[in-house]
Asks: 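Below you will find the structure I want to go over with you.
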Amino acid sequence: MRKFLISTVVLLGLSMNVNAQKRPPAPPTKSELINIKSRELDKRYNTEKKLILNHPLATKKMKRDQLKALNEKYQSQKKLLRKM
C-alpha cells in the first residue's frame with residue numbers, strides 16, 4: 001500500500017510538471033520583425049543626432065556635415081527595410 005501511494009504521488013508530480021511546461025513563443029512575423037527593426041533604427045538615429053547636436057567642440061559646419069551624413073545613412077537603411 002505504501003509503495004502504491006508513493007508511486008502515485010511521484011506519477012502525479014511528473015504529469016503536473018509535464019503539463020506545466022509552456023511552449024516556446026512563436027517567432028515574430030515578417031511585419032513585426034520589420035516594425036521592431038524600424039523602431040531600433042529610429043531610436044539609434046535619435047540618439048546619434050542628439051550626440052552630434054550636443055557636442056561641445058564641434059563647429060556648426062562640422063555638425064551640419066555629420067547630420068547630413070547621418071540623414072543619408074538613415075534614409076538608405078529605411079529604404080532597405082521597406083524593400084523587405
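All values below were derived from every heavy atom in this structure, side-chain atoms included, with hydrogens, water molecules and symmetry-related copies excluded. Remember, it's a predicted structure, so these values are computed and weren't measured experimentally.
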Asks: Check side-chain contact (heavy atoms from CB on, under 4.5 Å) between T47 and all other residues, then give those that pass, not counting sequence neighbours.
Replies: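 side-chain contact (heavy atoms from CB on, under 4.5 Å) list for T47, sorted by chain: empty.
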Asks: Is K63 atom NZ crowded by more than 12 heavy atoms from other residues, nucleotides or ligands, each under 6.0 Å away?
Replies: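 Enclosed.
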Asks: List the residues meeting salt bridge (Lys or Arg N to Asp or Glu O under 4.0 Å) with K49, not counting sequence neighbours, and say none if there are none.
Replies: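 K49 satisfies salt bridge (Lys or Arg N to Asp or Glu O under 4.0 Å) with no other residue.
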Asks: If you round to the nearest 0.5 Å, how far is CG of L41 from CD of Q77?
Replies: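 Between Q77 CD and L41 CG, I get 5.0 Å after rounding to 0.5 Å.
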Asks: Out of N35, T29, I34, which one pairs with E32 under the side chain to side chain contact (heavy atoms under 4.5 Å, CB included) rule?
Replies: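 Filter result, single survivor: T29.
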Asks: Y74 and L51: same hydrophobic cluster, using ILVMFWY side-chain contacts below 4.5 Å?
Replies: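 No: no chain of side-chain contacts under 4.5 Å links Y74 to L51.
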Asks: Atom CG of L81 and atom CD1 of I36: how far apart are they, to the nearest 0.5 Å?
Replies: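 The CD1 atom of I36 is 11.5 Å from CG of L81, to the nearest 0.5 Å.
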Asks: If you group Ile, Leu, Val, Met, Phe, Trp and Tyr by side-chain heavy-atom gaps below 4.5 Å, do L33 and L80 land in one group?
Replies: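 Looking at the clustering, L80 is in a separate group from L33.
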Asks: List for me each residue that meets salt bridge (Lys or Arg N to Asp or Glu O under 4.0 Å) alongside D42, sequence neighbours excluded, and say none if there are none.
Replies: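 In terms of salt bridge (Lys or Arg N to Asp or Glu O under 4.0 Å), with neighbours along the sequence ignored, D42 is linked to K78.
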Asks: How far does CZ of R44 sit from CG of L70, to the nearest 0.5 angstrom?
Replies: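 If I round to the nearest 0.5 Å, the distance is 10.0 Å.
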